[in-house]
Amino acid sequence: NANGDIIGEVYAGSDNWFFIKAGDVQIRILKNTGEVYIDATKFGVNGYAGKSGTIYYSDGTYAEYKNGILIGGKSKDGEF
C-alpha cells in the first residue's frame, strides 16, 4: 500500500517455522523440512485460478484437486 499502512504480518512459531499473513491468506514455511504451505481461498499461476473437483476415470480410479493442486485420489495400486 503506497500510504504506508501495514497490510501483512510475519510470525515466528519456533526456530523451525514461521508464517506470513495478509488478510485471509497465510504462507507457512518449515525451515528444517523445506516444506511450504499456502492457505488461501483461491490459488493460481500467471493470473489463472486453479480448479477444484474430482476427475473420475472409467477404470474406477480418480484424482481429487483443490485449487489446482492434486490432494488425493485412487490409482490401480490404491488410494493416495
Side-chain angles (χ1 to χ4, degrees):
N1 191 330
N3 65 9
D5 291 343
I6 295 173
I7 60 169
E9 302 167 291
V10 176
Y11 297 94
S14 72
D15 289 340
N16 180 49
W17 70 272
F18 71 94
F19 64 92
I20 302 165
K21 185 171 182 175
D24 292 335
V25 176
Q26 179 172 285
I27 300 171
R28 293 175 280 148
I29 300 169
L30 287 76
K31 181 177 77 173
N32 292 347
T33 59
E35 297 171 71
V36 176
Y37 297 93
I38 299 172
D39 300 317
T41 304
K42 291 187 177 184
F43 179 79
V45 177
N46 294 330
Y48 296 96
K51 302 293 184 186
S52 298
T54 304
I55 300 171
Y56 295 95
Y57 299 97
S58 60
D59 63 359
T61 61
Y62 62 90
E64 185 176 354
Y65 292 86
K66 177 77 172 174
N67 295 327
I69 304 293
L70 178 63
I71 62 167
K74 180 179 175 185
S75 70
K76 291 183 180 183
D77 295 327
E79 292 191 5
F80 57 90

> What are the two closest non-hydrogen atoms of V25 and A40, and how far apart are they?
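Closest pair (atom of V25, atom of A40, distance): CG2-CB, 4.2 Å.
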> Roughly how far, to the nearest 0.5 Å, is CD of E9 from CD of Q26?
10.5 Å
> Quick check: is I69 connected to I27 through a chain of hydrophobic side chains (ILVMFWY, heavy atoms under 4.5 Å apart)?
yes
> Determine whether the side chains of N16 and S14 contain a donor N or O and an acceptor N or O closer than 3.5 Å.
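No, no side-chain donor-acceptor contact under 3.5 Å.
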> Let me check something: do I29 and V10 share a hydrophobic cluster, defined by ILVMFWY side-chain heavy atoms less than 4.5 Å apart, either directly or through other members?
yes
> Give a yes-or-no answer on whether the side chains of E35 and Y37 include a donor-acceptor pair shorter than 3.5 Å.
yes
> Where is the tightest heavy-atom contact between L70 and A63, given as atom of each residue plus distance?
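Result for this residue pair: CD1-CB, 3.8 Å.
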> Shared ILVMFWY cluster between F43 and Y65, side chains joined below 4.5 angstrom?
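Different hydrophobic clusters.
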> Would you say W17 and I38 are hydrophobically clustered, going by side-chain heavy atoms of ILVMFWY under 4.5 Å?
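Result: no, two separate clusters.
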> Using the rule given for side chain to side chain donor-acceptor pair (under 3.5 Å), can you reason through E64 versus Y62, listing the C-alpha separation, both sets of side-chain angles and the distance that settles it, and then say yes or no?
CA-CA 7 Å; E64 185 176 354; Y62 62 90; over 6 Å; no
> Above 12 or not: heavy atoms from other molecules or residues under 6.0 Å from CG of N32?
yes
> Calculate, to the nearest 0.5 Å, the distance between atoms NZ and OH belonging to K76 and Y57 respectively.
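That separation rounds to 12.5 Å.
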> For D15, does its backbone N or O pair with a side-chain atom of K31 as donor and acceptor, under 3.5 Å?
yes
> Hey, could you give me the NZ/OG1 distance between K66 and T54, rounded to the nearest 0.5 Å?
11.0 Å
> Same hydrophobic cluster for L30 and F19, using side-chain heavy-atom links shorter than 4.5 Å among ILVMFWY?
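Linked, L30 and F19 end up in one cluster.
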> Please report the shortest heavy-atom distance between K74 and G60, naming the atom on each side.
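Closest heavy-atom pair between K74 and G60: CD-O, 4.2 Å.
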